[in-house]
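See structure below.
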Protein chains: 2
Amino acid sequence: MMSKLNGLVRIAPVQSSKKPHCAVGQSTIRRPTVCMTRDSDGLSATEEEIMHATHRALVNSGYAELSISLISDELDKAKSTIYHYYDSKDALLLRFLRFTVNRFEETINTSIGDHPKEDLNHIITTLLPCDLTEEKRQLHSILVTLSPQALEQEVFREQFTEIDARLSTIIEKTVRRGIDANVFRAADPAHVAEYILATIKGTMYSRLTTNREAATVAAKSSLSSYIDSHLIS
Amino acid sequence: MMSKLNGLVRIAPVQSSKKPHCAVGQSTIRRPTVCMTRDSDGLSATEEEIMHATHRALVNSGYAELSISLISDELDKAKSTIYHYYDSKDALLLRFLRFTVNRFEETINTSIGDHPKEDLNHIITTLLPCDLTEEKRQLHSILVTLSPQALEQEVFREQFTEIDARLSTIIEKTVRRGIDANVFRAADPAHVAEYILATIKGTMYSRLTTNREAATVAAKSSLSSYIDSHLIS
DNA sequence: TATATGTGATTGAACGTTTAGTCAACATCA
DNA sequence: TGATGTTGACTAAACGTTCAATCACATATA
């Protein structure tokens, strides 16, 4: 295939082997060979700016309207700069999901103490706060927005699998500690953890996609009463 | 605003008042004035074909790649025919969500009997069947795919609110009947219903977007054991 | 019965716009 | 000097949408 350019003929590049990039799933993320100042996520300053610009674009316009141009509008750099760091829109979005998942997990890992009952309550309150701050609403909304990608793209699915596995493990450990300390009744910690997690996720999801505020409160209070009367010995 | 067309100048039509259409939210759905053969959804034969084509396109390609061209590829009609029935892509998608919600609700309303415990179990099994048929997987997947639209578009949000309200009511009635018949312990049926619904939805959602098959089984069995030991007197 | 008229359904070809992605050139700095 | 970061101009393809023209078929007129 050839395309006209100012009267010249140009060969369409099948694979631009000049640029350094590493495979991530089926798409690729470029990674400069020389070391740069990187944050905890392994991102250079510009890459992090791109992530935040993507966040803003996604929150402001939703997935359907999300485009590279829109992201660069939110960015203090040109559109083509994005392609210097990511091979494609898909590669960018996958990296962005990773970035978002990391930030989501940061909000949870805080304080796993020695009081199983309070710890469990803390986990629930963290994921289902009484009043949702704008920051948290955005974080959760992005996960809802990107989750349909997990239906077909395995690389996305893996990210969501990881979130749930991590959350489940945290809850399971807390339940197990409670059983060992005779605070909770004997039960299968793994089963109970999946059960609590499913309830939390269902409530979280409904909260964002429906107008049934009372349902959130009801589900949350029923979850607490389940823990009080069913789990606590 | 004016646009060139074959050397002529044409006035951009502000509103084509010739065509009959009725307002639905912020967008519009055209509705022919003359009566046609319509199905239970109030759709003509062609409209129903369009709905099924949209279903196929969405399942095959996902929301991100969904276009009018793609829908017409699945349809035995030209692309422009779609615009004879729907004013815009948004109007089409909104109508399609309504169509899907109706079909989803049809799968539930069957058999509300006189045995609260079995009825409750039947509801759970209907929404979380042991082996998910391809048909149900597609139906649930479409809801997951369209749900991010509910984050920002109120008309979509209302549809999802209605699904949950309907499901919640069904569960609540079953729980209330169980309490009245002394099969279930005294509890707030509304609270319990929201709790059960949240767990079901969370499990359903995780099942579609993660690879944690065991989690689905665990959550489901914990839900059953909750009902057995907590709800049943 | 044959023909004209009207109306909705359907079409293909176009419209202007936006998209993801490319590239040669320039900037910066070690 | 050479590698990296950055840019704006550019492309082909795809997008949603419009529209004049045609088709199929019912009813009215002769």
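Letters A, B, ... are given to chains in the order of the sequence lines, protein chains preceding strands, and every chain is numbered from 1.
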Self-check item: Which nucleotide in C/dA20, C/dA9, D/dT7 has an atom nearest any side-chain atom of B/Tyr85
Solution: C/dA9
Quiz item: Quick one: which of D/dT17, C/dT10, C/dG21 gets closest to the side chain of B/Ile68?
Solution: D/dT17
Quiz item: Within the structure, does a side-chain N or O atom of A/Thr46 lie under 4.0 Å from either OP1 or OP2 of D/dT6?
Solution: yes
Quiz item: How many Å lie between NZ on B/Lys79 and C1' on D/dA14, as a whole number?
Solution: 9 Å
Exercise. Check every atom of C/dT22, D/dT18, D/dG16 against the side chain of A/Tyr83 and return the nucleotide holding the closest atom.
Key: C/dT22
Quiz item: Taking the inter-plane angle between the rings of A/Tyr195 and B/Tyr195 on a 0 to 90° scale, is it parallel (under 30°), tilted (30 to 60°) or perpendicular (over 60°)?
Solution: perpendicular
Self-check item: Check against side-chain contact (heavy atoms from CB on, under 4.5 Å), A/Phe104 and A/Leu167
Solution: CA-CA 11 Å; A/Phe104 179 70; A/Leu167 286 173; 4.2 Å; yes
Self-check item: A/Arg98: partners by side chain to side chain donor-acceptor pair (under 3.5 Å), with sequence neighbours left out
Solution: A/Asn102, A/Gln159, A/Glu162
Quiz prompt | Distance in angstrom units between A/Tyr63 OH and C/dT19 P, rounded | solution = 14 Å
Quiz item: Residues two or more places apart in sequence or in another chain: which of them pass side chain to side chain donor-acceptor pair (under 3.5 Å) with A/His55?
Solution: A/Arg103, A/Gln138
Self-check item: Euclidean distance, atom CD1 of residue B/Ile71 to atom C1' of D/dA14 [Å, nearest integer]
Solution: 15 Å
Self-check item: Atom pair distance, as rounded to whole Å: OH in B/Tyr86 and P in C/dA9
Solution: 12 Å
Quiz prompt | Spacing of A/Lys77 atom NZ relative to D/dG8 atom P, expressed in whole Å | solution = 12 Å
Quiz item: So do the side chains of A/Thr126 and A/Lys136 get within less than 4.5 Å of each other, counting heavy atoms only?
Solution: yes
Practice problem: Tell me what B/Thr81 touches on the nucleic acid: a base, only sugar-phosphate, or nothing, going by heavy atoms under 4.0 Å. | Solution: base
Practice problem: With heavy atoms under 4.0 Å as the rule, sort A/Ser67 into base, sugar-phosphate or nothing. | Solution: sugar-phosphate
Exercise. Scan A/Leu66 against the nucleic acid and name what it touches under 4.0 Å (heavy atoms): base, sugar-phosphate only, or nothing.
Key: sugar-phosphate
Quiz item: Nearest-Å distance, NE2 (B/His84) to C1' (C/dG12)?
Solution: 16 Å
Exercise. In whole angstrom, give the distance that lies between atom NZ of B/Lys89 and atom P of C/dT19.
Key: 12 Å
Quiz item: Looking at the side chain of A/Ser80, which of C/dC23, C/dA20, C/dT10 is the nearest nucleotide?
Solution: C/dC23
Exercise. To the nearest Å, give me how far apart CG (B/Leu70) and C1' (D/dA13) are.
Key: 15 Å
